[in-house]
Number of protein chains: 2
Amino acid sequence: MPYDPSAFPPFAVTVDLVVLTVRRHALCALAVRRGEPPFQGRWALPGGFVRADEDLAQAAARELAEETGLQAHDPAAPVHDHGAHLEQLATYGDPKRDPRMRVVSVAHLALAPDLPAPRAGGDASNARWAPVEELLAQGGYGRDGEPVAPLAFDHAQILADGVERARSKIEYSSLATAFCPPEFTVGELRRVYEAVWNVALDPRNFHRKVTGTPGFLVPTGGTTTRQGGRPAQLFRAGGATLLNPPMLRPEV
Amino acid sequence: MPYDPSAFPPFAVTVDLVVLTVRRHALCALAVRRGEPPFQGRWALPGGFVRADEDLAQAAARELAEETGLQAHDPAAPVHDHGAHLEQLATYGDPKRDPRMRVVSVAHLALAPDLPAPRAGGDASNARWAPVEELLAQGGYGRDGEPVAPLAFDHAQILADGVERARSKIEYSSLATAFCPPEFTVGELRRVYEAVWNVALDPRNFHRKVTGTPGFLVPTGGTTTRQGGRPAQLFRAGGATLLNPPMLRPEV
DNA sequence: AGTGTTTATCGTCAGGCAGACGCCTATGAT
DNA sequence: ATCATAGGCGTCTGCCTGACGATAAACACT
């Protein structure tokens with residue numbers, strides 16, 4: 001039975017990426033500057049069209065690699081292989097979200113360690129890591145006091161949803177290790193939680209919690225003093241992906 | 001600047017619905033029988049094309065109303081208005097998921113009380129509530145011993161994801177009340193948890209937990225004996241949507 | 001009327017976990 | 001040597017949960 005193209009309206013399908021990292025004790029997202037209308041010159045989330053023969057996850061991984069050079073690892077793969085965590089976030093399909101045409105965007109959330117420098121088509125001035133506070137301060141002012149235009153399209157909403165997903169998910173999963181290098185200390189992991197939640201945590205209780213949860217952290221045997229002070233044990237992410245009981249976000 | 005239709009491949013966008021309810025102490029999902037190829041005669045999740053001027057949530061609410069007569073209420077509205085809970089679940093876009101053409105499906109999850117009788121275009125034989133165990137028993141056998149064909153397309157995966165979402169979400173939210181009539185007893189709410197999780201819960205500890213969580217339940221003053229035994233207090237869902245600390249699913 | 005069954009509701013107790021916080025340890029900087 | 005910094009261990013208290021005893025209020029029998 002042939003299918004009837006007039007039976008349904010055609011859509012463009014894109015993937016948009018919320019790429020989060022922790023830099024200088026702040027949760028930052030990758031933003032790219034738009035080179036063409038609409039919203040020319042404004043900051044937006046990286047993204048692009050899904051190709052005809054591509055799965056959604058493949059498209060998101062391809063865009064992530066194009067923008068950052070990061071390899072997304074398979075969700076089924078062990079957490080401590082290199083590369084970023086990538087998961088589907090939500091889909092946005094308001095008929096008016098793109099003034100040109102009907103676009104449905106499948107947003108994805110990626111978590112990466114600090115290392116990579118942005119590279120949007122090789123032009124560094126068109127991509128940057130910006131604190132999410134700054135990107136979400138609609139019509140507010142940036143770090144240097146200049147007024148900041150809100151993100152293009154509905155990307156502020158997408159970013160807010162991605163940030164909330166990350167904030168809640170590190171409560172009950174070992175996902176926070178995706179923000180860390182392959183080997184890290186308990187203090188570095190704690191600073192990740194503090195940056196993502198924007199709170200201060202008790203170092204002693206945090207240490208007790210993460211080292212006392214079986215399968216969460218695996219000691220590598222090494223130590224480091226890269227944070228100053230007494231040498232700290234190095235750990236890798238363990239096999240446990242679910243934290244039970246969860247790490248509780250302090251009340252506000 | 002005119003847009004170039006050759007710059008991206010056209011997609012069909014659909015919504016598929018995982019509609020869950022609790023019947024006879026079992027978690028059930030709405031299934032419809034396919035009237036045309038592919039997968040003709042097989043059971044599938046209800047769904048349909050998103051229209052040209054429709055938001056994704058609108059399309060899902062429209063399909064839900066067409067299939068069940070249920071009104072989806074606004075997520076921002078209070079939980080105790082009538083109608084079903086509806087939220088976006090995930091999006092499925094494998095290039096081969098529909099053999100006819102490239103279809104991206106935005107799956108939604110709906111939770112409804114037991115009351116409604118299925119009606120798929122008025123033909124009851126083409127729609128039914130089936131225990132999720134049965135629908136997910138790929139190639140297994142149904143309640144009456146007959147072999148059951150697996151759901152069409154990737155709908156088994158979608159259903160499994162929806163069930164898992166419901167199972168985890170009632171842990172930390174008041175969503176389980178969406179399975180209940182507007183007024184319900186603590187015991188009825190407990191039987192919802194037991195059906196969704198497929199476990200037995202201690203009635204006394206459950207009672208202590210839900211009545212002790214501020215804002216979760218609001219007594220209406222009435223009582224009922226519709227479950228037999230001693231009369232039970234009736235409650236409505238309170239304003240609290242987040243349960244903190246969460247209701248813990250017993251270990252297996 | 002009495003007895004059993006069912007469901008609801010209140011109470012008790014022990015164990016586990018989290019928050020608050022004291023204290024010692026091991027480095028680098030001055 | 002002394003200080004500053006960060007890591008790591010222990011203690012105490014209060015809250016929550018799981019296990020389970022006991023009572024209460026309805027209905028169905030006999």
Side-chain angles (χ1 to χ4, degrees), chain A residues 24-25 170-172 180 183-195 197 199-236 240 242-252, chain B residues 24-25 170-172 180-181 183-195 197 199-235 240 242-252:
Chain A
R24 290 189 251 103
H25 290 211
I170 64 173
E171 282 190 29
Y172 57 89
C180 295
E183 297 199 351
F184 53 90
T185 69
V186 173
E188 289 164 350
L189 183 62
R190 175 171 49 82
R191 281 180 279 276
V192 163
Y193 275 90
E194 291 179 331
W197 285 344
V199 295
L201 299 175
D202 186 296
R204 296 155 293 188
N205 293 336
F206 183 88
H207 187 279
R208 178 182 59 190
K209 173 70 177 173
V210 295
T211 58
T213 302
F216 189 10
L217 298 182
V218 178
T220 67
T223 63
T224 182
T225 61
R226 62 187 172 215
Q227 298 290 339
R230 170 175 168 179
Q233 269 192 289
L234 284 170
F235 295 87
R236 284 186 297 103
L242 246 55
L243 251 64
N244 205 328
M247 174 102 52
L248 293 174
R249 191 172 358 176
E251 323 266 325
V252 182
Chain B
R24 288 188 252 103
H25 291 211
I170 64 173
E171 283 191 32
Y172 57 89
C180 296
E183 295 198 354
F184 53 90
T185 70
V186 173
E188 289 165 349
L189 183 61
R190 175 171 49 82
R191 281 181 278 275
V192 164
Y193 274 92
E194 291 179 331
W197 287 343
V199 295
L201 299 175
D202 185 294
R204 297 154 293 188
N205 293 337
F206 183 87
H207 189 278
R208 178 182 60 190
K209 173 70 177 173
V210 297
T211 57
T213 300
F216 189 10
L217 298 182
V218 179
T220 67
T223 63
T224 183
T225 60
R226 61 186 172 215
Q227 299 290 339
R230 171 176 165 179
Q233 268 193 290
L234 284 169
F235 295 88
L242 247 54
L243 248 59
N244 205 328
M247 174 104 50
L248 293 175
R249 192 172 358 175
E251 324 266 324
V252 180

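The chains referred to below are lettered A, B, ... by the order of the sequence lines, with proteins before strands, and numbering in each begins at 1. No hydrogens, no waters, no symmetry mates; every other heavy atom, side chains included, goes into these values.
Between the CG atom of B:Asn244 and the P atom of D:dC15 there is a distance of 16 Å, rounded to whole Å. One can place CD of A:Gln233 at 14 Å from C1' of C:dT25, the figure rounded to the nearest angstrom. Per the geometry, CG belonging to B:Leu217 stands 14 Å off P belonging to C:dA8, to the nearest Å. We find that CZ of B:Phe206 is positioned 16 Å from C1' of D:dC16, with the value rounded to whole Å. The distance from atom CG of A:Asn205 to atom P of C:dG16 is 18 Å, rounded to the nearest whole Å. When rounded to the nearest whole Å, the span between CG of B:Leu234 and C1' of C:dT7 equals 14 Å. For the pair A:Leu243 CG and C:dC17 C1', the computed distance is 14 Å after rounding to whole Å. Distance B:Glu251 CD to C:dG15 P: 19 Å, rounded to the nearest Å.
Interatomic distance, B:Phe206 CZ to B:Leu189 CG, rounded to the nearest 0.5 Å: 4.0 Å. The NZ atom of B:Lys209 sits 6.5 Å away from atom CE of B:Met247, with the distance rounded to the nearest 0.5 Å. The OG1 atom of A:Thr185 sits 6.0 Å away from the CZ atom of A:Arg191 when rounded to the nearest 0.5 Å. Going from atom CG of B:Asn205 over to atom CZ of B:Arg190 covers 11.0 Å, rounded to the nearest 0.5 Å.
At the phosphate of C:dA8, neither OP1 nor OP2 sits under 4.0 Å from any side-chain N or O atom of B:His207. The side chain of A:Lys209 places no N or O atom within less than 4.0 Å of a non-bridging phosphate oxygen (OP1 or OP2) of C:dC17.
When each of D:dA6, C:dA26, D:dC16 is scored by its nearest atom to the side-chain atoms of A:Gln227, the top-ranked nucleotide is D:dA6. With D:dA26, C:dT12, D:dG8 as the choices, the nucleotide that has an atom nearest any side-chain atom of B:Arg208 turns out to be C:dT12. For B:Pro203, whose side chain is taken as the heavy atoms from C-beta onward, the closest listed nucleotide among C:dT9, D:dG8, C:dA18 is C:dT9. Proximity note for A:Arg204 (side chain, C-beta onward) versus C:dC21, D:dA25, C:dT9: the nearest is C:dC21. In this structure, the nucleotide among D:dG8, C:dC17, C:dA8 sitting nearest to the side chain of B:Arg230 is C:dA8.
B:Arg230 is linked by a salt bridge (Lys or Arg N to Asp or Glu O under 4.0 Å) to nothing, counting only residues two or more places apart in sequence or in another chain.
Closest approach of B:Thr223 and B:Gln233 over heavy atoms only: CG2-CA, 4.3 Å.
Judged by closest nucleotide on DNA chain D, B:Met247 is the one of B:Met247 and B:Thr225 placed further toward the 5' end. With the nearest nucleotide of DNA chain D identified for both A:Ala232 and B:Asp202, A:Ala232 has the one nearer the 5' end. Comparing A:Leu248 and B:Thr211 against DNA chain C, the residue whose closest nucleotide sits nearer the 5' end is B:Thr211.
Side chain of B:Glu194 to backbone of B:Leu201: a donor-acceptor contact under 3.5 angstrom is found.
Side-chain contact between A:Glu171 and B:Tyr172 is absent, with no heavy-atom pair separated by less than 4.5 Å.
Interface residues of residues 183-194 of chain A facing DNA chain C, ordered by number: none; criterion, heavy-atom separation under 4.0 Å.
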